[in-house]
Amino acid sequence: MTSSTPNSTAASHASYDPSAVEHKWQERWRADRTNSPDLDHAERPFYQLMMFPYPSAEGLHIGNVFAFTGNDIYGRFQRLLGHTVFEPIGFDAFGIHSENYALKVGIHPMELIPRNIENFRRQLRRVGLMVDWSHELSTTDPAYYKWTQWIFLQLLERGLAYRGKAAVNWCPSCKTVLANEQVVNGACERCGTIVEQRFLEQWFFRITEYAPRLLANLDWIDWSDKTTTAQRNWIGKSEGAEIDFAVAGSDASIRVFTTRPDTIFGATYMVLAPEHPLVDAVASASQRGAVRAYVERATKRDLVARKVGDREKTGVFTGGYAVNPATGERVPVWVADYVLMEYGTGAIMAVPGHDERDLAFARTFGLPIVRVVAGPGEDASTPLTDAYTDNEGGRVVNSPPFDGLATDEAKARIVAWLGERGHAKATVTYRLHDWTISRQRYWGPPIPIIYCDACGMQAVPEKDLPVLLPPIADFRPDDSGISPLARHEEWYRVPCPECGKMARRETDVSDTFLDSAWYFLRYPSTEFDDRPFDADRTKRWLPVNIYIGGHEHAVLHLLYSRFITMVLHDMGYLDFEEPFKRFRAHGLLIRNGAKMSKTKGNVVNPDEYIERWGADTIRLYLMYMGPLEEGGDFRESGISGMKRFLDRLWASAHEMRSDGTPDESVMRKLHRTIRKVGEDTNRLGYNTAIAAMMEYMNTLRSGERVPQRAEVEPLVQLVAPYAPHIAEELWERLGHTGTIFASRWPTFDPALATEDDIELAVQVNGKLRGTVHVARDIAQDQAVAAALGVPGIAKFVTGTPRKVIFVAGRLLNLVV
RNA sequence: GCCCGGGUGGCGAAAAGGCAGACGCGAAGGACUUAAAAUCCUUUUCCCCUUGCGGGGAGUGCGGGUUCGAUUCCCGCCCCGGGCACCA
C-alpha cells in the first residue's frame, strides 16, 4: 500500500474499504497499547468518563454507541489538543436486572455475566473507542466489590450507615426492598409491579445529613441546568417552621411543619398521618373504634392508590382537639391519608383558605374555612372560591396583631412571636430520604456485617474482605423478606471476629447503585489489590474532567456518587468533594419517532450497521443527527451521506498534489473550518462541526478541482476524533509514522480566517433588498454610497435616508 | 397541578437581536459514460405577476409587544416530549 504516494494520480488508488481499515487499526491500537496512557507521569491528564454499561444479554444497544461515541470524540479531541487522555470502561454487572434475566433463562449469573461481558467487549472494540482496556473493571469482580464493602465499612465507622426498622417499598415481584428513587408512580421501576409497604429491618445510608451540601454545591458545579434542576427538585428543600399545637386536655402536643406560618390564624383543624404515633392518644373513647378502622384501612391500602390514585379526600375525626397557639382556639384533630408520615413531622395544621388539599378536605367534611390572606384588590371579607395560595402580593388579614403585613414579613414575625413563647422555631425540611441500601437478593456484594449473640453486631474486619458471594444454585428470592443467602448455613454461619463463637453473617446484599457510586475512583487504580484507590493516582487524575451520560441517572446515580465522594472527602481520603467537574447529559436516541424497546421490536443492533457501513460512518451519522444533548431519531436514510463524505475524503487524500501552491481562498476556508470545528467540538456541537467539515470538503473539490496536500492534510486531523480509523489510515498513507493522535490539532491563523471582502447585506426599512460586495473594513459613508449605486436597492430609497444602521462587516439598514 | 426541554421546507436540522432554511437525506434535471456506479454542475419553503429575463409578497405553533430590524427578547395562549407529583 505504500505505493499510494501522495503524488499518485486519480483512479490509481483502491477505493475505501472500511472493514479492512477498521480491523487494521483496531489491531494496531491493541498491539501498540496506543490508548493506554502512562497514568503515573502524565503532565496534562484528562479524565474522560462515560457511564459504564450494564452488560445485558441482548448486547450493546445503539443508544450506548451514541453515548460512547459522543464521549470518545471529546476524549480524542482533548488528546489532539495535547492532553494525556484516560478513557476507561467497565461493566455494571451486579443487580436485580442481571439476576432476573438469569432466573428467566435458567443460567447462573456467574456464568452468564462473563459471557455477556465478552460480547460487549467485542462490540465496543468495533466502535473504535479510545478505551484503555488495561483498566477495565467489573463490579462483580471480588477485587472490585471488596472495596465496595470497604466503603460500606467506612460509612459505618462514620456513623452514616445504620440499621433501622422502617416502612419500606417492597416489590412483590422482585421480592426485595427498593429505594424511594427506584419507585416510579408507586411501581417498581424495573418490573412495573405495584410496590407494597412493609416494615423491615434495613440498612440505610444517612444521605439526608448531606442534603444541604448536596444542594449548595449545585450552584457552582459545571453541570447542565437540566440536571442540577432535577437534583434540586429531588432534594426538595422547603423553608418553614415547626409549630407545636397542645393537645386539649393532655400534656402532649402535636408538632407540625409548615411553609406558611403566616396563615396560622386560618388553621381551623389539624391532620395526623394514619401512622402518626399520637393517633391513639388523641382519639376520644367514642371515636377510637372508627379511627382504628380507618388507620387499618389506610395502611393496608397500597401505595399507588394512596399516592397517585384519585385524590378523593378521606379521613376520620379523632374526637380530640388541639389548641391553635396563635388564636388560642380549639381545633379538631383528624386523621387522613393525604398527610404522609414520611415527610415533615407527619402532621399538619390545615389552612383550607390557602391550601388546595385542605380546602378539598374541609369542603368534604364541612370544616370551617377562614380567609387570612388577601390578594391585590381583595380584603378580609372577600369570599374564597378557590384556595388563595399565592405567596407574593398577598397581605395578612383576620390575624389581629399582624393584619396588613406582606406574607413574607408575616412569616418571620409570626414565627418569632410564637417562638418567644416556645411554640415555634424556623426550620428547613428536605424531601430527600435516607438511602435504603439493603437488598434481599443474591446477585450483589454481601453487606460485611456479622451478628454475634454475645458481642452484638460486628463489622467484618478489613483483612477479611471481601466477603465472597458464594456460588449457590438456588438463588431465587422468596416472599419472606429474607435474602436467599440465608438458606445457606454453610455460608452464613461464621465465627465472631470478636469472641470467636459461632455467629451469623448479614444475608442482605447492597444496592447496585452503591457499586456505581464509586467506580470512577477505581479506574485509575485497578492494578492495586491493597487499596481501593491509590493516593497519587487519584491526585493526578481526579476529579473527572468531563462525564457524559444519560439523563435517566440525573437523580439516582449522580446523587449517590456525589454523596459517597463527599463522605470519603470528609474522612480524608479525597481532596475534592465533587467527583465530576463537568457533566453533560446526552439526549435520548429514538427510532423513526418512537422510543426503542424490546416489546416494540424496533431496537437497533449496532453490529449489522457497523458491518454494512463501517464504524466511522455510523459514528458520524449518530453525531450528525442533531445536538448530542438533544438526542436524535435513528432513520437509516441519512447514513449514506456520511459514507459519501468519507469516500470523498479518501479520494481527496489519494488524488491530491503536493507540487503546487494551495489556493488562497481554499486556505481561507480551511482556517475558518479549523476554528469552527474546534469551537463546536469543544461545546459538544458535533453536528455543526461535521457540517463545517462537509462544507470545506465541498470547497475543496468544487468543480472537480484536484486539491493540494496542504489543503487536505489538516482536514484528516479535524476528522480524526469523529472517524478515527480512516484518519489513522490516511495519516499513514500521507507518510506519517505513529498514531495521528500523537499529532497536534491544526492551529488556525486568524489573519487567514478572515476575508478581505465581504457581501454586505443591505436592508431598506428592515427588509432585505440586496447585497453589495465591499471591503471588510469599509466605512459607513462608502457603504451607503455603494448600496445606493445598486439600482435594485436605490429604487426603494426615495430622498435621503432618515436613519442609517450600520453593523460593520454584516449589514446596512437604510430607514426612509 | 408543578418543573424542565421542544415546535423552523418532503425529512434530519442550521442561524453572537442583523441576508431564515447552512450542512445532510430525499426528489427533479444536466455533464461525463456504450451503459451503470462514482464524481461534478443546476434546481428544490409557499403564493402571485411575467412568454422569458426578471420582479413582488408572505413565511420559523398562535395572538400581542419592544426594536431600524425578532426563529432569537417580553407578555398571553396552543400543541408535543421528558421529569416530579396529596411534599404541607
Side-chain angles (χ1 to χ4, degrees), chain A residues 10-11 15 184-186 224-230 232-234 236 238 240 256-260 263 271 306-313 336-340 342-351 355-358 360-361 429-431 551-552 554-555 587-588 590 595 620-621 624-627 629-642 644-645 647-648 651 655 685 687-698 701-705 759-771 792 795 801-807 809-816:
Chain A
S15 65
V184 177
N185 283 348
S224 44
D225 289 350
K226 203 179 156 154
T227 314
T228 52
T229 303
R232 269 191 200 98
N233 291 343
W234 192 265
S238 285
V256 303
F257 173 75
T258 180
T259 54
R260 296 296 305 273
T263 63
V271 184
R306 186 162 164 192
K307 283 192 167 171
V308 299
D310 59 64
R311 300 284 162 93
E312 199 97 331
K313 294 288 178 286
D337 67 1
Y338 81 93
V339 173
L340 308 173
E342 67 204 53
Y343 184 75
T345 61
I348 62 160
M349 61 173 208
V351 184
D355 182 281
E356 280 166 30
R357 295 149 302 171
D358 296 346
F361 191 83
T429 294
Y430 296 91
R431 293 179 49 194
H551 194 254
E552 67 273 17
V555 289
L588 186 69
I590 59 172
K595 220 171 178 165
L620 276 174
Y621 172 65
Y624 189 65
M625 283 187 305
E629 294 178 70
E630 282 170 31
D633 191 351
F634 190 93
R635 297 169 192 254
E636 0 221 305
S637 58
I639 303 176
S640 60
M642 303 303 122
R644 219 167 280 168
F645 171 69
D647 282 338
R648 298 206 294 159
E655 293 163 4
N687 55 331
T688 50
I690 295 168
M693 291 188 266
M694 289 177 165
E695 221 177 300
Y696 177 62
M697 179 74 77
N698 290 341
R701 297 173 65 81
S702 165
E704 293 191 301
R705 74 183 287 277
E759 287 292 320
L760 187 70
V762 182
Q763 299 181 336
V764 178
N765 290 340
K767 214 179 261 277
L768 184 75
R769 294 300 182 184
T771 58
K795 74 179 181 187
R802 279 194 295 126
K803 193 172 174 186
V804 176
I805 312 286
F806 181 63
V807 183
R810 276 188 178 272
L811 140 156
L812 178 69
N813 186 11
L814 305 171
V815 185
V816 295

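Bear in mind the structure is a predicted one, so any value in this text is a computation, not a measurement. Letters A, B, ... are given to chains in the order of the sequence lines, protein chains preceding strands, and every chain is numbered from 1. What you see below is based on every heavy atom in this structure, not just the backbone, and it leaves out hydrogens, waters and symmetry mates.
Nearest nucleotide to the A:Trp234 side chain, out of B:G24, B:A85, B:G18: B:A85. Taking every side-chain heavy atom of A:Asn698 into account, B:G24 is the closest of B:G24, B:C40, B:A88. Among the nucleotides B:C86, B:A85, B:A15, the one closest to any side-chain atom of A:Arg357 is B:C86. Distances from the side chain of A:Tyr624 to the nucleotides B:U39, B:G12, B:A14 place B:G12 closest.
Here the closest heavy-atom approach between residue A:Ala230 and residue A:Val555 is recorded as O-CG1, 3.4 Å.
When both pairing distances are held under 3.5 Å, B:A27 makes a Watson-Crick or G-U pair with B:U43. Here B:U72 sits opposite no nucleotide as a Watson-Crick or G-U wobble pair (both hydrogen-bonding atom distances under 3.5 Å). Across all strands shown, B:C84 forms a Watson-Crick or G-U wobble pair, both distances under 3.5 Å, with B:G1.
Residues A:Val815 and A:Arg802 have side chains in contact (heavy-atom distance under 4.5 Å, counting atoms from C-beta outward).
Taking CD of A:Glu695 as the reference point, atom CE of A:Met693 lies at 12.0 Å (rounded to 0.5 Å).
Side chain A:Glu356 to base B:G1: no donor-acceptor pair is found below 3.5 Å.
Nucleotide B:C86 holds its P atom 16 Å from the CD atom of A:Glu312, rounded to whole Å.
Heavy-atom nearest nucleotides on RNA chain B were determined for A:Met694 and for A:Gly766, and the one closer to the 5' end corresponds to A:Met694.
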